[in-house]
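Taking it in order: structure first as structure tokens, then the write-up.
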Amino acid sequence: MTSSEHHSSADFIRTKILADQESQRFGQRVHTRFPPEPNGHLHIGHAKSMCLNFGISQEFSGFCNLRLDDTNPTKESMDYVQSIQDDVRWLGFDWTDRLYFASDYFERLYDYAVKLIQNNKAYVDSLTAEEIRDYRGTLTEPGKESPDRQRSLDENLELFSKMRAGEFEEGAYILRAKIDMASPNINMRDPALYRIRHVTHYRTGDIWRIYPTYDFAHPLSDALEGITHSLCTLEFEDHRPLYDWVLRECEVSCHSQQIEFARLNLAHTVMSKRKLLQLVEEGHVNGWDDPRLPTLKGLRRRGYSPAAIRNFCDRVGVAKRDSVIEMGVLEHAIREDLNRSADRVMAVLHPVKVIIENFPEGQIEEVEAVNNPEDASRGTRQLSFSREIYIDHDDFREDPPKKYFRLSPGKEVRLKYGYIICCVGVDKDETTGEITAIRCTYDSETKRGGAQAGRKVKGTIHWVSVQDALPAEVRVYETLLLPSNLDAEGTSQGLEAKLNPDSLQVLETCWVEPSLSDATIGTSFQFERQGYFCLDPDSHKQKLVFNRTVSLRDSWAKIERK
RNA sequence: UGGGGGAUCGUCUAAUGGUAGGACGUCAGAUUCUGGUUCUGAUUGUGGGGGUUCAACUCCUCCUCCCCCAGCCA
């Protein structure tokens, strides 16, 4: 199987891989890796990377490793490792037995560093962090060589060994690559390879006092795992010469090709770990799985399916230019999925009581409702119809605008799966003027199967029967941010100012049909005419809690806006 | 302003010298017991100036704009 069988035209990465296969650069081998650092939860940007790495490995009959890039012990934890594995699996990817940790390579990485020293390609520097910054030069001026650059081989070896043994304070020494302090590429001005950290690593404990940097550990981890194509985001573009330098100077047998692509940006939300953390810690959202967050846990709780997210990533494509994807693309992906899979159900979010005056008091009638018009095998269910029902506040207007097809005084509307009713009056609270009930009559011939069943009216609305409706809370979400994206100026202050104050709206007094009483947590439903909703873990017997995943497309809202 | 990247419909993304195509969105129509779905149609684009060529999104040249880099983070 090749990528060309899946894509009418391959993206630039698949094109490169095809060319590498053509030239036998890695034989026919294609081996990728998904390398998150276990210092936070995965988000939809990671989903793009997973779809790329796991997707490509599948298309080219290769492999994809899950690698935890845990070279910085100060921010990493086992909890994150577990969370990452859960999320990768949930998204639908399988690393089988290829689970790796950069920390498992620490010993071999150390040996490579020693080799570099022996080859006069690395040295131990005693400059402080500030001094190193000064010596580095600027974007336009070359750097200066550290006095320690000329340190003897034996002395370097001995100092490095003592660094490892924990004989020095943090910051006292650092191992640097000996490359070129005048390089126009700042990453090549003798970058750090190892730093001293007297910190317990969540996996290796206290056996290491020095830890390799990303620039040293990453290329070698790729080499050790036999990775052929190392996909990363654009900001690593000017690290590529260093990536190649490390592999060349360490004389490894497998030299992977680093390829950079543009990270995913979604409009009206944030993707950086720092900002996500800020939202959680400052309480702007309720935890990492808040349904407003673009984290995989948040999307999952919001009701997004793994298939929809994968499909979204496919649609978005992969390229090198910076881009911001509109929310509409994500929303389309989940609607497309849920339209096929979610059972339909009646729910009233903003209830108004309707009294059907000519319907006998105490009488209850069964009506048949279709579970999913897209899937006949989902069958039908019975709904009970009675004299008093709830309809949505939006479906009644005392003074209807033009093209309003719903209920208004003297006008008819069909109750979905039920009768055509006609509004004959309105009850109002004497003091507030608020509508307390809508009075209607029904046409008894218009039920499905009735003599007038075929009679057409402009509108059909949803409803629930007062007598057996279940109370529910519904949480309606809007975007996290008001503007479509943060500018470069997006500081911590800036983020707070751009938050959408109405990103969460809690509707406490909703009514849903009784069939929902045995719904399981996480299941998605279409509330007829409204949107897709899923049952939240906060639900309990007394009160069901639903999250709105996404609304239905609403062409009436568009007409009314004009 | 040193280096590295990038610029194609509103938004993503194809087309490597040969009809600028697809998706999302938008608009219009058809169907519909969901103003949903589905179907049909329409809409709009190669950052700018020169040049090469029968032919340029594509090659050359000049310009403009955007992003990334001066962590002992990744």
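It should be emphasised that the depicted structure is a prediction, and the values quoted were computed from it without experimental measurement.
Using a 4.0 Å heavy-atom distance criterion, A:Y404 is classed as a base contact. Across all strands, A:R448 comes closer than 4.0 Å to base atoms (heavy-atom distances). Residue contacts shown for A:E528 include a base, since a base heavy atom lies under 4.0 Å away. When heavy atoms are screened at a 4.0 angstrom cut-off, A:K456 is found touching the sugar-phosphate backbone but no base atom. Counting any heavy atom pair closer than 4.0 Å across all strands shown, A:V370 reaches no nucleic acid atom. Residue A:S555 is classed as a sugar-phosphate contact, given heavy-atom separations below 4.0 Å to backbone atoms only. Nucleic acid contact for A:R414: base, since at least one base atom lies under 4.0 Å from a heavy atom of the residue. Backbone-only contact: A:K558 has heavy atoms under 4.0 Å from sugar-phosphate atoms and none from a base. Counting any heavy atom pair closer than 4.0 Å across all strands shown, A:R406 reaches a base atom. Residue A:G418 is classed as a base contact, given a heavy-atom separation below 4.0 Å to a base.
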Report summary line: Output field dot_bracket for RNA chain B (Watson-Crick or G-U, both distances under 3.5 Å, | for other-strand pairs) contains .((((((..((((....[..))))((((((.......))))))...(((((..]....))))))))))).....
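OP1 or OP2 of B:U37 lies within a sub-4.0 Å distance of a side-chain N or O belonging to A:R553. In this model, the phosphate group of B:U34 is not approached by any side-chain N or O of A:H462 to a distance below 4.0 Å at OP1 or OP2.
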What N/O pairs connect the protein and nucleotides 72-74 of chain B at under 3.5 Å? Give each pair on its own line.
{"unit_1": "B:C72", "atom_1": "OP1", "unit_2": "A:R136", "atom_2": "NH2", "d": "3.4"}
{"unit_1": "B:C72", "atom_1": "OP2", "unit_2": "A:R136", "atom_2": "NH1", "d": "3.2"}
{"unit_1": "B:C72", "atom_1": "O2'", "unit_2": "A:R197", "atom_2": "NH2", "d": "3.2"}
{"unit_1": "B:C72", "atom_1": "N4", "unit_2": "A:L127", "atom_2": "O", "d": "3.1"}
{"unit_1": "B:C72", "atom_1": "N4", "unit_2": "A:A129", "atom_2": "N", "d": "3.3"}
{"unit_1": "B:C72", "atom_1": "N4", "unit_2": "A:G171", "atom_2": "O", "d": "3.3"}
{"unit_1": "B:C73", "atom_1": "OP1", "unit_2": "A:R197", "atom_2": "NH2", "d": "2.8"}
{"unit_1": "B:C73", "atom_1": "OP2", "unit_2": "A:R195", "atom_2": "NE", "d": "2.9"}
{"unit_1": "B:C73", "atom_1": "OP2", "unit_2": "A:R195", "atom_2": "NH2", "d": "2.9"}
{"unit_1": "B:C73", "atom_1": "OP2", "unit_2": "A:R197", "atom_2": "NH2", "d": "3.2"}
{"unit_1": "B:C73", "atom_1": "O3'", "unit_2": "A:R195", "atom_2": "NH2", "d": "2.9"}
{"unit_1": "B:C73", "atom_1": "O2'", "unit_2": "A:N72", "atom_2": "ND2", "d": "3.0"}
{"unit_1": "B:C73", "atom_1": "O2'", "unit_2": "A:K75", "atom_2": "NZ", "d": "3.2"}
{"unit_1": "B:A74", "atom_1": "OP1", "unit_2": "A:T71", "atom_2": "OG1", "d": "2.8"}
{"unit_1": "B:A74", "atom_1": "OP1", "unit_2": "A:R195", "atom_2": "NH1", "d": "3.4"}
{"unit_1": "B:A74", "atom_1": "OP1", "unit_2": "A:R195", "atom_2": "NH2", "d": "2.7"}
{"unit_1": "B:A74", "atom_1": "OP2", "unit_2": "A:Y214", "atom_2": "N", "d": "3.0"}
{"unit_1": "B:A74", "atom_1": "O3'", "unit_2": "A:D69", "atom_2": "OD2", "d": "2.8"}
{"unit_1": "B:A74", "atom_1": "N6", "unit_2": "A:H239", "atom_2": "NE2", "d": "3.4"}

Under 3.5 Å between N/O atoms: give me all the protein pairs with nucleotides 28-30 of chain B, atom names plus distance.
none

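Here the side chain of A:K416 is nearest to one of B:U34, B:U13, B:U11, namely B:U34. The side chain of A:L139 approaches B:G2 more closely than any other nucleotide in the set B:G35, B:U13, B:G2. Side-chain proximity of A:K320 to the nucleotides B:G5, B:U11, B:U1 is greatest for B:G5. With distances taken from any side-chain atom of A:V316 to the nucleotides B:G35, B:G5, B:C12, the minimum falls on B:C12.
At a cut-off of 3.5 angstrom, counting only N and O atoms as typed in the model, there is a donor on one side and an acceptor on the other between the side-chain of A:R344 and the base of B:U34.
Checked options A:F160, A:Y211, A:Y173; the residue passing with A:Y194 is A:F160 (criterion: ring pair (Phe, Tyr, Trp, His ring centres under 6.0 Å)).
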